[in-house]
Amino acid sequence: MKRMPMKKRISVTARGFKILKRYCPGLAQGKALYELINSIQPFITVWFSAQIINEISTQRRIKTIVLYVSSIVLIHFICAVLKNTINRLCNEKESQMWDWFGKIFSDKQMSLDFADLESPEIQHQRQEAEENLYMFGNGLAQLVWGTSTLVNACVNILVSIAMTVTLFLSQSGNAVMDSPAWIFIILACITFGGLCNSKATIKENEIFMRWCKDTVWFNRVFIFFGKDLYMNPENAKDVRIYEQNIIASKILDKLIRYDRENQTDLFKMSILPAIAYFIIGLANVMCCLFVAVKAFFGAFGVGNIIQYTAVLSRLGEGLQDFMFLLSDNEVYCTHLQSLYDYLDIPNHMYQGSLTVEKRDDNEYYVEFRDVSFQYPNTDTYALRHVNLTFRVGEKLAVVGMNGSGKTTFIKLMCRLYDPTEGEILLNGVNIQKYNYEEYMSIFSVVFQDFRLFSFSLGQNVAANVRYDRDNVLACLEKAGFRERLDSMPNHIETCLYKDFETDGVEISSGEAQKIALARALYKDCPFMILDEPTAALDPVSEYEVYCKFNEIAGGKTAIYISHRLASCRFCDKIAVFHEGAVVQMGTHEELLTDNSGKYYELWNAQAQYYV
């Protein structure tokens with residue numbers, strides 16, 4: 001594993017804290033404050049205990065002893081109250097931490113260029129980053145936990161040094177024991193123990209990281225079988241019929257063999273820490289002997305023996321934790337950098353700055369001017385030299401066989417992609433010059449693979465937590481959902497599906513399509529688009545849906561995409577796509593008069609289904 005320079009690690013760690021501050025505000029600070037109090041408490045106990053023992057063994061003043069005892073009780077009470085309060089707050093934030101880490105990916109997905117969402121390389125990078133999340137918390141969780149270790153180590157080191165100064169300043173009358181050289185000897189013993197522990201940790205991490213790389217494939221397989229295959233009800237029939245659990249059993253056998261092949265690494269991961277702790281134990285014995293011998297020569301009282309032995313032990317722990325933290329920091333900086341590589345993927349789509357004109361007369365028109373498009377990492381064109389113009393208020397049907405470029409045409413118009421060649425104009429202006437968010441706001445689209453969510457019916461229609469109740473009801477009624485709505489237990493507050501609510505309602509595909517239509521109506525945009533959302537329906541049912549949508553679209557521009565021609569007979573214009581090009585344009589009657597055209601061919605091929 002390539003070592004990351006310290007300067008780079010500091011930069012990576014600092015950025016990690018910025019992300020934590022944004023997504024988990026107060027968590028790292030709360031952990032640090034809790035650990036600060038928690039780390040100081042033992043030193044308070046040690047110092048007061050030493051003073052009480054010294055007082056008992058010398059002057060035995062009752063008032064002084066009572067004062068010490070009262071002070072330690074009061075301080076511990078205050079610390080306990082503070083720790084309990086902070087701990088409750090931190091536990092609440094930490095329980096939400098993983099959800100917020102997931103939101104990091106959601107936010108990035110929403111900010112990515114749509115083309116990157118369909119890029120195999122980008123999706124592979126996201127998958128690796130998500131696997132990193134589940135295994136290591138993307139380094140962010142390690143950063144949270146490392147904060148506690150860092151505070152604890154710093155407190156142990158700094159306070160221990162402050163409380164051991166008198167150990168070396170106290171004179172015993174023995175020249176050997178009073179030599180300043182003991183400062184370096186004791187520190188060398190403690191540091192050597194910490195270095196051994198650090199080396200063991202680095203070796204463990206190297207082995208562990210190699211395991212992680214080797215087991216990435218296993219992780220993906222188990223996520224697929226455990227989550228996507230076996231736990232998904234939609235796949236249950238195939239799993240049972242084709243006995244796909246046999247495949248999982250073979251994968252498990254392979255994993256067991258893999259574990260057997262790595263027994264040497266397991267032994268190293270066990271023996272190295274054992275050796276390190278043995279050396280640390282020897283260092284602690286050396287420190288205790290020094291304190292005992294110096295006390296024997298009368299350098300300090302009995303209470304100080306307890307103080308110095310305890311504090312030197314804490315100093316050793318602090319140095320060990322700090323060295324461990326340095327080596328561990330390199331590991332989670334590697335995980336953090338993997339996350340940053342994904343988060344730093346730029347959005348290459350030009351965002352534009354012009355405001356989309358809000359026209360009261362709805363006089364919008366769209367023009368495709370010699371537009372060609374090639375999907376990333378492909379050699380073939382999905383669209384070639386498309387020229388098309390239509391205005392708001394027109395009903396345009398886009399028809400053609402599967403793979404003819406119909407959906408690509410819509411993706412370009414909605415600016416999910418930019419053309420490879422040519423340009424798309426809105427009211428004479430290239431759409432790339434418009435503010436991206438504003439331009440997107442003029443479209444309501446029901447895609448072929450539309451999705452409803454496990455929220456209330458009203459929230460699904462509004463695509464928002466808050467909504468206008470009357471408007472939702474009006475849109476559902478226009479979409480033909482009123483009868484089903486009246487039978488729902490909680491009306492528009494009824495939750496769809498049972499993912500979050502046990503009394504959620506399962507809906508049919510036809511009902512889902514009506515809700516999707518209502519959602520498009522609720523957005524109330526100048527352009528309304530249906531991209532084959534009824535492809536799974538029979539031709540007659542599809543025709544009924546399109547007729548209903550044509551009725552409720554009113555004066556808006558309605559664009560219908562279908563490979564079934566009879567569904568779109570009512571449209572003002574029909575654009576016939578074939579192999580990525582517009583081969584015909586006209587009304588239904590006009591296109592049928594050309595018996596050598598593609599529309600005539602498709603119509604007669606499908607006519608039997610509409611008799």
Side-chain angles (χ1 to χ4, degrees), residues 28-91 145 147-172 183 186-187 190 193-194 280-281 283-322 325:
Q29 296 91 323
K31 286 279 188 181
L33 182 57
Y34 175 88
E35 197 58 44
L36 177 65
I37 298 170
N38 192 54
S39 300
I40 289 176
Q41 259 191 291
F43 290 103
I44 294 172
T45 302
V46 167
W47 189 84
F48 276 106
S49 298
Q51 303 312 309
I52 291 170
I53 293 172
N54 282 337
E55 186 65 31
I56 291 173
S57 62
T58 55
Q59 302 183 52
R60 300 183 181 180
R61 293 171 294 184
I62 300 298
K63 288 184 178 180
T64 303
I65 294 173
V66 170
L67 177 62
Y68 285 145
V69 172
S70 302
S71 297
I72 193 172
V73 169
L74 178 61
I75 292 172
H76 278 304
F77 173 75
I78 295 171
C79 289
V81 172
L82 290 174
K83 283 170 56 179
N84 185 59
T85 303
I86 296 168
N87 192 47
R88 289 176 66 87
L89 294 173
C90 286
N91 285 343
W145 302 324
T147 299
S148 299
T149 306
L150 176 63
V151 172
N152 180 269
C154 290
V155 169
N156 281 345
I157 292 171
L158 295 175
V159 179
S160 294
I161 289 174
M163 291 181 67
T164 53
V165 170
T166 54
L167 168 63
F168 300 101
L169 294 179
S170 301
Q171 299 298 309
S172 64
I183 299 175
I186 296 298
L187 287 178
I190 295 173
I280 290 169
N284 288 335
V285 169
M286 185 72 180
C287 293
C288 291
L289 284 173
F290 173 71
V291 173
V293 172
K294 197 160 186 180
F296 177 78
F297 285 104
F300 37 75
V302 178
N304 295 90
I305 296 176
I306 296 173
Q307 175 180 320
Y308 295 140
T309 53
V311 168
L312 285 174
S313 176
R314 301 287 292 188
L315 177 60
E317 290 176 11
L319 287 171
Q320 293 156 27
D321 287 343
F322 189 76
L325 192 64

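- Partners of Ile157 by side chain to side chain contact (heavy atoms under 4.5 Å, CB included), not counting sequence neighbours, listed by chain and number: Ile161, Leu315, Leu319, Phe322.
- The structure places OH of Tyr34 at 9.0 Å from CD1 of Ile86, a figure rounded to the nearest 0.5 Å.
- In this structure, Gln307 and Val46 approach most closely via the heavy-atom pair CA-CG1, 3.5 Å.
- Asn84 places no side-chain N or O within 3.5 Å of a backbone atom of Ala80 that could act as its donor or acceptor partner.
- Using modelled atom types and a 3.5 Å distance limit, the side chains of Asn38 and Asn152 yield no donor-acceptor pair.
- For the pair Val69 and Phe48, the minimum side-chain heavy-atom distance is 4.5 Å or more.
- Note that OG1 of Thr58 is 11.5 Å distant from CD1 of Ile53, once rounded to the nearest 0.5 Å.
- Nearest heavy-atom pair, Thr147 versus Ala32, reported as atom, atom and distance to 0.1 Å: CG2-CB, 3.8 Å.
- When all heavy atoms are compared, the tightest approach of Cys90 to Lys31 is SG-N, 3.6 Å.
- Partner of Tyr308 under the side-chain contact (heavy atoms from CB on, under 4.5 Å) criterion, chosen from Ile305, Val311, Asn304: Asn304.
- Within the 4.5 Å cutoff, no side-chain heavy atoms of Leu67 are placed close to those of Lys63.
- Contact annotation: the side chain of Thr64 approaches that of Tyr68 to within less than 4.5 Å [non-hydrogen atoms, C-beta and beyond].
- The OG atom of Ser49 lies 11.0 Å from the CD1 atom of Ile44; values are rounded to the nearest 0.5 Å.
- Distance check, rounded to the nearest 0.5 Å: CG of Leu36 to CD of Gln29 gives 13.5 Å.
- Expressed to the nearest 0.5 Å, how far CG of Leu82 lies from CD1 of Ile78 amounts to 7.5 Å.
- Between Gln41 and Lys83, some side-chain heavy-atom pair lies under the 4.5 Å cut-off.
- Minimum interatomic distance between Gly303 and Asn54 (heavy atoms only, all atoms of both residues): N-OD1, 2.8 Å.
- The OG1 atom of Thr164 lies 6.0 Å from the CG atom of Leu312; values are rounded to the nearest 0.5 Å.
- Without hydrogens or angle criteria, Ser313 side chain to Thr309 main chain gives no donor-acceptor distance under 3.5 Å.
- In this structure a side-chain-to-backbone donor-acceptor pair under 3.5 Å is present from Glu55 to Arg61.
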